[in-house]
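Everything quoted here is computed from the prediction, not taken from an experiment. Numbered from 1 within each chain, the chains take letters A, B, ... in sequence-line order.
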2 protein chains.
Amino acid sequence: MSQLRRGTVGFCVLALLNAREHYAVELVRELAAHQALAAGQGTIYPLLSRLRSDGLVATHWKESPNGPPRRYYSLTDEGRGSLELFRSEWTQFSDAVDTLMKT
Amino acid sequence: MSQLRRGTVGFCVLALLNAREHYAVELVRELAAHQALAAGQGTIYPLLSRLRSDGLVATHWKESPNGPPRRYYSLTDEGRGSLELFRSEWTQFSDAVDTLMKT
DNA sequence: GCAAGGTACCTTGCATTGCATGGTACTTTG
DNA sequence: CAAAGTACCATGCAATGCAAGGTACCTTGC
């Protein structure tokens with residue numbers, strides 16, 4: 001199952017950030033809510049670093065009411081573009097797989 | 001797009017073999033017909049080797065009417081089981097992604 | 001018959017990326 | 001002040017798609 005997630009987890013994160021900004025641990029929890037997408041911190045932190053160095057997300061620090069400060073991630077314009085592109089690729093891809101699986 | 005295919009191409013091949021036996025170049029052509037799943041020989045041959053050593057497919061040689069002999073691949077019982085398992089994982093996974101993408 | 005082209009086989013090495021593991025630091029609470 | 005909770009992040013491995021490159025068989029045209 002883990003191999004299935006490859007290449008999509010990043011875009012799922014972008015989709016979550018498209019709704020509103022999140023900090024990393026929060027993203028981990030939201031992904032875990034969709035069982036098939038569950039990804040631990042060891043997946044999320046390196047992923048977020050990549051998204052950031054690719055310019056798809058921007059970050060800013062905010063104090064937490066209880067605990068260490070949080071780094072919040074939000075979508076850049078480039079991130080929104082990338083998400084849009086993915087949506088159309090995903091549709092084609094999942095349609096193709098659906099078709100094949102019914103064969 | 002190529003990262004999207006990770007983890008699914010193998011099962012797409014199993015699905016094709018579930019319908020009838022194929023030889024490698026034929027699989028390449030059938031996948032290419034579904035554009036989003038196009039995979040070259042450099043993907044298919046190592047993949048088929050793995051499927052074979054995992055016991056998911058069996059092979060036998062057959063002469064070609066025009067050209068070198070072909071190695072035909074067919075599903076084993078284990079391969080059929082693996083395909084079934086994937087189908088249910090795929091449904092869960094693609095539903096989860098669909099949901100998130102609409103958020 | 002033999003050179004050229006087509007068909008089919010396969011291997012090697014690289015890049016990407018999910019994940020387990022392990023570590024640091026800040027804050028609250030007993 | 002120690003322990004627990006929350007949050008950050010890095011390192012190294014494993015899986016696998018793919019480009020590039022190589023071998024062998026067979027047919028066709030000269």
Holding to side-chain hydrogen bond (donor to acceptor under 3.5 Å, both in side chains), I want the full list of residues that pass it with [X], two or more places apart in sequence or in another chain.
{"X": "A/D98", "answer": "B/W90"}
{"X": "A/R50", "answer": "none"}
{"X": "A/E21", "answer": "A/H60, A/K62"}

Among [range], which residues get a heavy atom nearer than 4.0 Å to DNA chain D?
{"range": "residues 76-91 of chain A", "answer": "none"}
{"range": "residues 93-103 of chain B", "answer": "none"}
{"range": "residues 23-34 of chain B", "answer": "none"}

May I ask you to say what A/F11 touches in the nucleic acid, namely base, sugar-phosphate or nothing, with a heavy-atom cut-off under 4.0 Å?
->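 Since no nucleic acid heavy atom lies under 4.0 Å of A/F11, the category is nothing.
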
First and last nucleotide of DNA chain D touching chain B, 5' to 3', heavy-atom cut-off 4.0 Å?
->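 Extent of the interface on DNA chain D: D/dA15 to D/dT27.
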
For B/T99, all residues meeting side-chain contact (heavy atoms from CB on, under 4.5 Å), sequence neighbours excluded |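 B/T99 satisfies side-chain contact (heavy atoms from CB on, under 4.5 Å) with A/H34 once adjacent residues are dropped.
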
For A/D77, check side-chain contact (heavy atoms from CB on, under 4.5 Å) against everything at least two apart and list the hits.
->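 If we apply the side-chain contact (heavy atoms from CB on, under 4.5 Å) test to A/D77, skipping adjacent residues, the hits are A/R80.
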
Cationic N near anionic O, under 4.0 Å, A/E26 to A/R71 =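 Salt bridge: no.
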
Is B/R20 salt-bridged to B/E30, cutoff N-O under 4.0 Å?
->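 Yes, B/R20 and B/E30 are salt-bridged.
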
With hydrophobic residues grouped by side-chain heavy-atom distances under 4.5 Å, do [X] and [Y] end up in a single group?
{"X": "B/V28", "Y": "A/V97", "value": "yes"}
{"X": "B/L47", "Y": "B/L75", "value": "yes"}
{"X": "B/V57", "Y": "B/Y45", "value": "no"}
{"X": "B/I44", "Y": "B/L83", "value": "yes"}

CD (B/E84) with more than 12 external heavy atoms under 6.0 Å |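 Yes - once you tally the heavy atoms of other residues, nucleotides and ligands closer than 6.0 Å, there are more than 12.
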
Polar atom pairs between nucleotides 15-18 of chain C and protein, under 3.5 Å, N or O only, would you list them?
residue	atom	partner	partner atom	Å
C/dT16	O2	A/R6	NH1	3.2
C/dT16	O2	B/R6	NH2	3.1
C/dT17	O4'	A/R6	NH1	2.8
C/dT17	O2	A/R6	NH1	2.9
C/dT17	O2	A/R6	NH2	2.2
C/dG18	OP1	A/G7	N	2.9

Gap separating the OG atom of B/S94 from the CD atom of B/E89, nearest 0.5 angstrom =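 B/S94 atom OG to B/E89 atom CD measures 12.0 Å (nearest 0.5 Å).
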
Under 3.5 Å, which N/O atoms of the protein pair with N/O atoms of nucleotides 28-30 of chain C?
none

Do side-chain atoms of [X] reach the backbone of [Y] as a donor and acceptor pair under 3.5 angstrom?
{"X": "B/T103", "Y": "B/L100", "result": "yes"}
{"X": "B/T91", "Y": "B/R87", "result": "yes"}
{"X": "B/R5", "Y": "B/A36", "result": "yes"}

Would you check if B/L56 and B/L17 make a side-chain contact, meaning some heavy-atom pair closer than 4.5 Å?
->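 They are not in side-chain contact.
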
Apply ring-ring contact (aromatic ring centres under 6.0 Å, His included) to A/Y23 and list each qualifying residue two or more places apart in sequence or on a separate chain.
->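 A/Y23: ring-ring contact (aromatic ring centres under 6.0 Å, His included) contacts with A/Y72.
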
Both distances under 3.5 Å, Watson-Crick or G-U wobble: report the partner of D/dC30, or none.
->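 C/dG1 - that is the nucleotide pairing with D/dC30, both distances being under 3.5 Å.
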
On DNA chain C, check which nucleotide each of A/G40 and B/Y45 is closest to and give me the residue with the more 5' one.
->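 Mapping each residue to its closest nucleotide by heavy atoms, the 5'-most match is B/Y45.
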
